[in-house]
*Asks:* 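What follows is a structure written as structure tokens; I'll ask about it next.
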Amino acid sequence: MIKKKTPCGDAQCPIDATLKLISRKWVVSIIKDMYHGKTHFNEFKEDKPTLTNTVLSETLKSMEKNGLVEKIVHDNNHRSNTEYILTDRSRKLNRIIYELAIYGIEVLNCESQESGMCSNEECKKQLKDINNKSFE
């Protein structure tokens with residue numbers, strides 16, 4: 001049997017590699033939250049009632065392992081305060097997330113709260129927040 005080459009040759013396709021990096025459930029949503037200024041564990045859960053502590057913890061560990069977030073632990077008076085920040089690698093996903101937002105607004109007509117989608121006003125605010133981040 002002859003092995004067919006991918007359009008990218010024998011190497012893994014960059015699209016497939018990127019999708020593998022961000023396809024885990026909650027990853028894109030957490031990155032979006034971070035674009036909006038969320039940095040703490042409990043903040044990521046605020047609008048995700050089905051996200052359990054265990055799944056969030058595993059997802060953040062996976063994101064850290066894949067270079068998408070950096071975990072920073074601040075020790076203050078015997079209490080640790082943990083923050084997660086975007087890395088250069090995850091900030092470069094800005095254009096992709098921006099285009100997902102545009103797609104949601106223009107193609108999916110993102111307007112129904114009941115369907116789990118955001119309202120147009122919320123989409124526009126999120127789009128503005130994402131667009132204000134550096135495309136570097």
*Asks:* To the nearest 0.5 angstrom, please state how far the CG atom of Leu93 sits from the CD1 atom of Ile31.
*Replies:* 5.0 Å
*Asks:* Between NZ of Lys38 and NZ of Lys32, what distance do you get to the nearest 0.5 Å?
*Replies:* 7.0 Å
*Asks:* Using atom types as modelled and distance alone, determine if a side-chain donor or acceptor of Ser23 lies under 3.5 Å from a backbone N or O of Leu19.
*Replies:* yes
*Asks:* Within this structure, what is the NE2-CD1 distance for the pair His74 and Ile72, rounded to the nearest 0.5 Å?
*Replies:* 5.5 Å
*Asks:* Is a donor on one side and an acceptor on the other found under 3.5 Å between the side chain of Thr18 and the backbone of Pro14?
*Replies:* yes
*Asks:* A side-chain contact here means heavy atoms from C-beta on lying under 4.5 Å apart; do Thr59 and Arg24 qualify?
*Replies:*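 Yes, close enough: below the 4.5 Å cut-off.
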*Asks:* Can you see which heavy atom on Leu51 is nearest to which on Leu56, and at what distance?
*Replies:* CD1-N, 3.7 Å
*Asks:* Just how far is it from atom NE2 of His40 to atom NZ of Lys45, taken to the nearest 0.5 Å?
*Replies:*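 One gets 15.5 Å once the value is rounded to the nearest 0.5 Å.
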*Asks:* Find out whether Ser62 and Asn66 are in side-chain contact, i.e. whether some heavy atom of one side chain is under 4.5 Å from a heavy atom of the other.
*Replies:* yes
*Asks:* Measure from the side-chain N and O atoms of Lys48 to the backbone N and O of Phe44, and report whether any donor-acceptor pair falls under 3.5 Å.
*Replies:* yes
*Asks:* My understanding is that only one of Leu68, Ile30, Val69 makes a side-chain contact (heavy atoms from CB on, under 4.5 Å) with Tyr84; could you say which?
*Replies:*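 Going through the options one by one, the only one that passes is Val69.
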*Asks:* Minimum heavy-atom separation for Val73 and Ser80, please, with both atom names.
*Replies:* CG1-CB, 3.7 Å
*Asks:* With side-chain contact (heavy atoms from CB on, under 4.5 Å) as the criterion, how do Asp33 and Asp47 come out once you've worked through the C-alpha distance, each side chain's angles and the decisive distance to 0.1 Å?
*Replies:* CA-CA 10 Å; Asp33 285 349; Asp47 61 345; 4.3 Å; yes
*Asks:* Quick one: are Arg89 and Leu21 in side-chain contact, heavy atoms under 4.5 Å?
*Replies:*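 In contact.
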*Asks:* Which pair of heavy atoms, one from Arg91 and one from Tyr35, lies closest together, and at what distance?
*Replies:*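 Smallest interatomic distance, heavy atoms only, reads O-OH, 3.5 Å.
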*Asks:* If you round to the nearest 0.5 Å, how far is CD1 of Ile96 from CG of Leu100?
*Replies:*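 It comes to 8.0 Å.
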*Asks:* Is a side-chain donor or acceptor of Thr39 paired with a backbone partner of Ile85 at a separation under 3.5 angstrom?
*Replies:*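 No, Thr39 side chain to Ile85 backbone: no donor-acceptor pair under 3.5 Å.
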*Asks:* Counting only heavy atoms not in Phe41, do more than 12 fall under 6.0 Å of its CZ?
*Replies:*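 Count over threshold, so yes.
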*Asks:* Rounded to the nearest 0.5 Å, what separation is found between the CE atom of Met63 and the CE atom of Met34?
*Replies:*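 Going from the CE atom of Met63 to the CE atom of Met34 covers 6.5 Å.
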